[in-house]
**Student:** 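Pasting a structure below so you can have a look.
Small disclaimer: the values here were computed from a predicted structure and weren't measured. Every number for a ligand or one of its atoms is a count from 1 in the order of the listing.
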Amino acid sequence: MSSFTLGDSNDIGVAVLGAGRMGQTHIANMATIPNAHVVVVADPVADAAEAGRDLARAQRASTDPVAAIHDRDVGAVVIVTPTSTHAMLIEEAIKAGKAVWSEKPITQELAETQRVVDLWRASDVPVQLGFMRRFDPGYLRAKALIDSGELGRVEQFRALSRDTFPPPLDYLLHSGGSFLDMSVHDLDLARFLVGEVEEVHAWANVLFDDVFAQADDWDTSVIMLKFANGALGVVETSRHSAWGYDIRTEVAGARAKVVIDRAQKTPATISRTLPSGFGWEGDLYESFPDRFAEAYRIELETFFADLGAGRVPAPGPDEALETLRLALACTRSWRQNRPVKVAEIR
Ligand SMILES: NC(=O)c1ccc[n+]([C@@H]2O[C@H](COP(=O)([O-])OP(=O)(O)OC[C@H]3O[C@@H](n4cnc5c(N)ncnc54)[C@H](O)[C@@H]3O)[C@@H](O)[C@H]2O)c1
């Protein structure tokens, strides 16, 4: 295996792989990163690669992602391709000695994820996965409060996520089920903020859209968590919300609690008499691109700042593996209608 060769850590050459919906977000965010520049944007769809190159003001567009990884001017790879391709591209980049930032998950398969973790552990290549909520200013503040001990012993965790619009059937058929596709963000936060989870008990149902039943999936769920440190938690997930993108998290400790909640885009509320009576209006978030815009920027900034300073970036493949095991434990719990210890998932 090649050893890690970053090149100039003050001016890191980057290959962006995948210039679709999220790829364009990450390319736009690359423009604000002081110690990196995009050399090549690769996408098998030539028009997408060229549009990505133009957006990135990069030197090259390519339809060959593997060749882009091996480009001699590239020290780091940003992977924003469909989930089924992440593992192969991460492995190729690790073997080429190129630093990796990749959208989550590595894969939804445990054995394949373990294989990537083993390859990463045997290398000295920095790899970070895109669990962006960890970089949202609210969650960063919560993490600092918890780690400093200001909350006292953490006793309870509560997270809820409601997407505004349900996804279509063709997406659901390949999503791995709602625990892996959606609740996984809250499960990752549970581990990030409180610690490892020992046992879960999950319930789910199809309450509002039969398309979920057609995909052998569910639109509404509740997961109960028992943490190794004794804390208890709940994760609620819904695939629709008539009141906009609804993301809230609460961690309660012996001395204080922290609530992460950002209900409105603009900090302005109009209160007035409406035909229906007294009321108020504010602008709600529609979905993850607007609610987590800062987090997407900060996660990449942090990755490149860590590379520049020689720090190990996180969350790495080991974190992705543990979060996947937790989501798989939830799926097993629901399918088998019983509490499941995360240690069962091997
Ligand atoms: N962290 C988050 O909040 C979040 C949100 C949305 C999507 N995602 C993840 O981001 C990834 C991309 O999602 P998207 O919505 O941008 O998808 P998309 O379909 O809009 O874009 C994917 C792009 O990758 C290209 N592509 C396919 N195979 C490729 C390969 N081998 N090499 C290079 N490019 C390739 C496609 O042509 C397409 O242009 C997925 O893994 C998804 O799960 C994460």
**Student:** For ligand 1, which atoms have a heavy atom of Ala42 less than 4.0 angstrom away?
**Tutor:**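 Once the distances to Ala42 are compared, the set is 33 (C), 34 (N).
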**Student:** Which class fits the ring pair Trp203 and Trp334: parallel under 30°, tilted 30 to 60°, perpendicular over 60°?
**Tutor:** tilted
**Student:** Does Tyr296 have a non-hydrogen atom less than 4.0 Å from ligand 1?
**Tutor:**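 In this structure, Tyr296 qualifies as a contact of ligand 1 - some heavy atom is under 4.0 Å.
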**Student:** Does Glu294 use its side chain to pair, donor to acceptor, with the backbone of Ile298 at less than 3.5 Å?
**Tutor:** no
**Student:** Any protein heavy atom under 4.0 Å from atom 19 (O) of ligand 1?
**Tutor:**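 Flag for atom 19 (O) of ligand 1 set to false, no protein heavy atom closer than 4.0 Å.
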**Student:** Please check this pair: side chain of His86 against backbone of Thr81, looking for a donor-acceptor N/O pair closer than 3.5 Å.
**Tutor:** yes
**Student:** Tell me, please: is His86 in heavy-atom contact with ligand 1, that is, under 4.0 Å?
**Tutor:** yes
**Student:** Looking at Phe288, which atoms of ligand 1 are within less than 4.0 Å of one of its heavy atoms?
**Tutor:** 5 (C), 6 (C)
**Student:** Which of these, Gly20, Gly23, Ala49, Pro44, has its nearest heavy atom closest to atom 21 (O) of ligand 1?
**Tutor:**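 It is Gly20 whose heavy atom sits nearest to atom 21 (O) of ligand 1.
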**Student:** Under 4.5 Å between any side-chain heavy atoms of Arg262 and Asp136, yes or no?
**Tutor:** yes
**Student:** In the protein, which heavy atom is nearest to atom 32 (N) of ligand 1, and how far is it?
**Tutor:**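 Atom 32 (N) of ligand 1 sits closest to the protein heavy atom Pro65 CG, 3.1 Å.
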**Student:** Can you figure out which of Gln108, Met132, Lys104, Glu103 has its heavy atom closest to atom 10 (O) of ligand 1?
**Tutor:** Glu103
**Student:** Which one holds for Tyr171 and ligand 1: side chain close, backbone close, both close, or neither close, with close meaning a heavy atom under 4.0 Å?
**Tutor:**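 None of Tyr171 does.
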**Student:** Does some non-hydrogen atom of the protein lie less than 4.0 angstrom from atom 43 (O) of ligand 1?
**Tutor:**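 So far as the 4.0 Å threshold goes, atom 43 (O) of ligand 1 is in reach of a protein heavy atom.
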**Student:** Do the non-hydrogen side-chain atoms of Ser287 and Phe165 ever get within less than 4.5 Å of each other?
**Tutor:**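 SC-SC contact between Ser287 and Phe165 ruled out.
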